[in-house]
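Take a look at the structure set out below.
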Amino acid sequence: MHGLIHVIFRGFVVDKFGESAWKEILKRAGVEDESTILEMKHYDDGLTMAAVKIGAEVAGAPLEAALELFGSYFVDYAAGAGFIRLLRSLGSNLHEFLGNLNILHHNVERDLPAAVFPIFEVGQIEWINDYKYTFRMDYASSRAGLGPLLKGALHQAVGKLFNSTLEIKPLDAAAMKSASFAPSAEAANELHWNLTVTLPQEKTETDATPVDTSAAQNGAPSAAQSSFSFFDFHAALASAWCCCAQSQKDEVMVTVNSQPVAEDWVDNVRAVLAEKRDKIDAITSKHPTRIDGQHLYFSLDAVDRVRVGATLFRASSADLVSSPWTDLVELDKTEFFWGAYTKLDNFYAISEDWLVEKTVNGQTKFQKRGKIRFLSQSWGIPKEWDDLMGAGSYAEAKAAEICCIAKDIAARELGDTTRWKEVYFWVDKCCIPQGDQELTGWCVNLLEEYIIFCDGLVVLVPWTYFTRLWCVYEWVCFLLCHDPMDIEICADPFVRESTLPLFIEAIGNFKLDSCQCFREADRPILYNKVEQYYKSIDAFEKFLKFTAIALFVRCTAQRRSAKAVSALEPWRFLAEKQGFRTLADRIMEVMDLLPQWRDGAVKSATGGGTNDVQTAVLHQVEEWFRARMVPMIVQMRKEAATESGLQYIEDLRTAAKEVLVQEVGELSHVARSTVGPVDLVRSNSSGLQHRSDGLHPTSDGLQPRWRQLL
């Protein structure tokens, strides 16, 4: 188990039974120096369980009673350490909270790939009266004997999170026979309880949870004093609730101190934008001014459009627009970026030019500094958010989920999740000079060029995503230009049992004319694009629905849940209802395959635990999607798009190959003709560093510059 379990257990023993009891446990366990078992790393399970058993003996309490008390203390520790805000965001009551725990575990698996978490499933909620409700809970774990620990944790969580009381009863034989719960071999130890929650009859404030410092007074490290990262806390959760292989290395949460920023950044930004306008004027000078009122963009040939796009194309690093969902301090800071609608000029200063000018055989070329993803998301807060999503804010959910996907990308392409700060995104808010009307007009028209430059599309997809005109066009535009495998849907914070019907309704009833647009002046621009690329509005809408269903199936199949198969049924039904019979058959196919893949992954897993099970399943899902779904999407694209539209995209690709240097090489010798605002606020005195190859700043050198600017 993880060392933080030992730290919390020490606090529990000292707080409940005194320092002498802890010393006696160490003595009986043969531990001479307690520091050897309190490090933030994984220890053999036998050591932890032996300490717990000895602790029960020393306290003179039955093992089950000691475990239940420890489960309660564990929740207190988490609340005192500041994690209660995250836990409350999982639901407004215990039923929602437990139903969403698998989503929490799915995210934690990014940092703990060796862990196999338990599975929680809940039945239908039944209200006995206005103050009492009941429901069935099914639990399956890879480790036996944790029932008392879970019971103590649930009782305390209900009180801490919802100011309520809980009654737990095992299900009777009749209820067990009607069970539809079917966990796999990775979690074969089951519990089936009926939970009854009684609410307070008078509303009380539960927003603030005081930090319990009693443990600190007795010598144990309190939450207030501790310096343990949320990664350590998650590792503790993993080792408490599941089997976990020995970690190959320890991870730490790094905080980079803020540095002074140049006070003249506003003038620098203005200078940069003026230089960009001059470059664009030089590119477009040979083209006549249009007299029909259309933007000059439409007078350019493909090569010059790409050149203008390359001049304006920007990127922002993941650490400036996201934060680990486990680091609440940093999350507060990036939440401001996603929640603010003012000071837009400031946000432009956190992006940097991503296509670097380079002279090749006397010609000006542009070279990419590395891979980049186009980030598509809806700015407006869904009106049902507070009622459906608990305490977490929409901005917080977006900031945290971007960090999660950046970790996934870093693991795949950089070989290490800790390098997530080296992942870059195109984000409209900071990559378009919102305060410059002329350049913003260019950026709006250059959407296709920007998507051509990008290597993937990351979609933050609340249920309102498919009601936003820009969002749906970005979705289908990317699918015209790229492989469907290069789209990644970030749905974990948004798709829950309570919101799934809203997704189904939004996609099933999608109509282009019903989509909303923040600036109505953009609507004719986007309608013209739809007319240019698609045979009809009906073809556009059909393509959107088909691909949305297909990609949500991929996303849902990747989730780990005892209901993973049944969770696909609404999407199969929607496909059939929309007349996509072959798509519906494919969904039924993966519903049959998922249990086989997971059981096979469990049997073939190696290491200290059932590690890499989820990774193996994800690989199976991806291979199936590539072989069985992508050909259908490509065929649907051919049926929906016009020949001229597809040729236009092909011409852009050809032009991009002509303008861009294809191989990413050493750029340290390349002088940038345009110095971006971010570079201007970086100085030798700030302590910031760059990689010698010029492709990325070092992750240690990155700092929250935009937080200083605002």
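Aromatic ring centres of F313 and F453: separated by under 6.0 Å. For W379 and F518, the ring centers are positioned 6.0 Å apart or more.
For the residue pair Q367 and E357, no side-chain donor N or O sits within less than 3.5 Å of a side-chain acceptor on the partner. Under 3.5 Å, the side chains of Q532 and N528 contain no donor-acceptor pair of N or O atoms. S376 and W475 share no side-chain donor-acceptor pair at under 3.5 Å. Using a 3.5 Å distance cut-off with no hydrogens or angles, the side chains of Q377 and K398 do pair a donor with an acceptor.
Within the 4.5 Å cutoff, the side chain of F366 has no heavy atoms near those of the W354 side chain. For the pair E488/I409, a side-chain contact is recorded, criterion being any heavy-atom separation below 4.5 Å from C-beta on. In this structure the side chain of V269 reaches within 4.5 angstrom of the side chain of Y348, judged on heavy atoms. Taking the side chain as every heavy atom from C-beta outward, Y297 and T284 never approach each other to under 4.5 Å. Using a 4.5 Å heavy-atom threshold, the side chains of L469 and R523 count as touching. Looking at heavy atoms from C-beta onward, F466 lies out of side-chain contact with C471 at the 4.5 angstrom threshold. Between V495 and F552 there is a side-chain heavy-atom pair separated by less than 4.5 Å. Side chains of S317 and K421 form no contact here, defined as non-hydrogen atoms less than 4.5 Å apart.
A salt bridge links E413 to R373: at least one charged side-chain nitrogen sits closer than 4.0 Å to a carboxylate oxygen. Checked for salt-bridge contact, R314 and D353 meet the test: a charged N lies under 4.0 Å from a carboxylate O. We find that E448 and R305 are not joined by a salt bridge, their nearest charged nitrogen and carboxylate oxygen being 4.0 Å or further apart. By the 4.0 Å N-to-carboxylate-O rule, R369 lies close enough to E352 to be salt-bridged with it.
How far OG1 of T654 is from CD1 of I649: 11.0 Å, rounded to the nearest 0.5 Å. Distance OG/S351 to CZ/F425: 14.5 Å, rounded to 0.5 Å.
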Just distance, no hydrogens or angles: give the donor-acceptor pairs under 3.5 Å from side chains in residues 438-447, sequence neighbours left out.
| unit_1 | atom_1 | unit_2 | atom_2 | d |
| --- | --- | --- | --- | --- |
| T440 | OG1 | P433 | O | 2.8 |
| T440 | OG1 | D436 | O | 2.8 |
| N445 | ND2 | G441 | O | 3.0 |

Can you give each donor-acceptor pair under 3.5 Å made by side-chain atoms of residues 477-486, sequence neighbours left out, with the distance rounded to 0.1 Å?
| unit_1 | atom_1 | unit_2 | atom_2 | d |
| --- | --- | --- | --- | --- |
| H482 | NE2 | I451 | O | 2.7 |
| H482 | NE2 | C454 | O | 3.3 |
| D483 | OD1 | M485 | N | 2.9 |

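Under the ring-ring contact (aromatic ring centres under 6.0 Å, His included) criterion, F298 pairs with no residue, sequence neighbours left out.
T499 places a side-chain N or O within 3.5 Å of a backbone atom of F494 that can act as its donor or acceptor partner. Judged by distance alone, with hydrogens and angles left aside, the side-chain atoms of S393 form a donor-acceptor pair with the main-chain N or O of E396 at under 3.5 Å.
Applying the 6.0 Å contact sphere to NE2 of H619 captures no more than 12 heavy atoms from other residues, nucleotides or ligands.
Classified by interplanar angle (parallel below 30°, tilted 30° to 60°, perpendicular above 60°), the ring pair Y450/W426 is tilted. Taking the six-membered ring for Trp and thresholds of 30 and 60 degrees, F543 and Y534 have ring planes inclined between 30 and 60 degrees apart.
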